[in-house]
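One structure is given below, encoded as structure tokens.
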Amino acid sequence: MSTYIFGHKNPDSDSIVGAISLAYLKNKLGENCIPTRQGKISAETKFILEKFKAETPELKTSYAGESVYIVDFSDLAQAPEDIKEATILGIVDHHKLGDITTDTPLECWIRPIGCSNTVIKEMYDYHKVEIPKDIAGMMMCAILSDTVIFKSPTCTKIDTKAVKELSEICGISDYKALAMEMFIAKSAVIGASARDLNTRDYKEFDMNGIKVGIGQLEMVDISVLKSRINELLLDMKLMKQENKLHTVIILLTDIMKEGSQLLVVSDDASRVEKALNTKLQNSQAWLDGVLSRKKQVVPFLQPQF
Ligand code: MN
Ligand code: MN
């Protein structure tokens with residue numbers, strides 16, 4: 001019997017690389033684990049997998065009757081539909097604790113740090129397992145992605161230290177240059193529809209029974225989207241209807257200017273204004289210094305619902 005390891009829906013690089021890096025560790029420890037994914041990989045993740053010659057984990061969305069480890073989430077909203085019929089052996093994460101519960105004891109590695117792959121690096125160290133060069137390179141990229149090259153307020157000393165150690169293992173000393181290449185790959189918008197952009201890194205949250213969708217586009221320069229803002233807002237209205245959401249938020253995050261253009265479609269936008277201490281104009285506002293959905297948006301929004 002194999003155990004499957006996967007990250008959240010709409011997987012980002014941390015979810016995909018985390019499945020691969022944790023599966024390698026677990027296999028070394030004598031378990032039989034297969035990395036999988038719940039959805040399409042991003043342009044950024046494709047860049048990482050190609051750079052380090054790794055196979056894309058297989059797509060698998062149903063886990064009834066299986067044993068699993070989950071990485072980079074603990075919310076039911078980000079889990080496969082039949083997760084309640086799976087046995088969760090463990091959770092490796094760096095988000096707020098979600099609403100997933102289990103019937104059996106489990107292993108939990110949940111830390112308030114910048115990336116699940118930093119947690120996995122600590123697991124390798126704890127078990128004294130050597131990290132292969134290419135896996136180290138991918139883990140390093142996942143950490144640089146989640147911490148926005150150390151600029152995100154979620155980044156800790158543990159993350160920067162992990163990147164330095166991983167860069168030595170993979171033999172890439174100029175990791176910031178590699179990270180910029182990665183963010184340029186991530187920033188590609190040509191040919192992408194409004195829906196592609198709005199859902200590129202999109203998560204739904206249950207906030208005291210109210211459904212809120214929050215997407216984020218991290219880009220090297222958001223000005224290339226200026227002419228498409230109205231199109232994005234129109235599509236957000238459709239997403240709101242289709243998924244019966246109270247609020248849809250998109251953050252256009254400019255990693256060089258270090259802030260986010262906020263787009264809001266809501267039944268009551270004043271709640272978002274209050275939460276984020278801003279005033280919307282044409283459903284928009286600039287949030288200076290806001291880079292992290294997890295740390296700078298979600299915790300302030302939750303109490304408003
Ligand atoms: Mn993630
Ligand atoms: Mn993550």
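Just follow the structure's listing: the first ligand is 1, and inside any ligand the first atom is 1. Only a predicted model underlies this, so the values are computations on that prediction, with no experimental measurement involved. In what follows, residues are counted from 1 in the order of the sequence shown.
Among the atoms of His94, an N, O or S atom falls under 2.8 Å from the Mn ion (ligand 2). For the Mn ion (ligand 1), the N/O/S atoms of His8 include one lying under 2.8 Å.
Look at Glu66 and Lys60 and you find a salt bridge, because one of the NZ, NE, NH1 or NH2 atoms lies within 4.0 Å of a carboxylate O, short of that distance. Ionic pairing of Glu181 and Lys176 is not present here: no N-O contact between side-chain nitrogen and carboxylate oxygen is shorter than 4.0 angstrom. Comment: Asp125 engages Lys121 in a salt bridge, judged by a side-chain N to carboxylate O separation of less than 4.0 angstrom. Salt-bridge check for Asp267 with Lys240: passed, with a basic side-chain N closer than 4.0 Å to an acidic carboxylate O.
The closest approach of Asp146 to the Mn ion (ligand 2), by N/O/S atoms, is made by OD2. The nearest N/O/S atom of Asp14 to the Mn ion (ligand 2) is OD2. For Asp12, the N, O or S atom with the smallest separation from the Mn ion (ligand 1) is OD2. Within Asp72, OD1 is the N, O or S atom that lies nearest to the Mn ion (ligand 2).
At a threshold of 4.5 Å between non-hydrogen side-chain atoms, the residues Leu29 and His127 count as touching.
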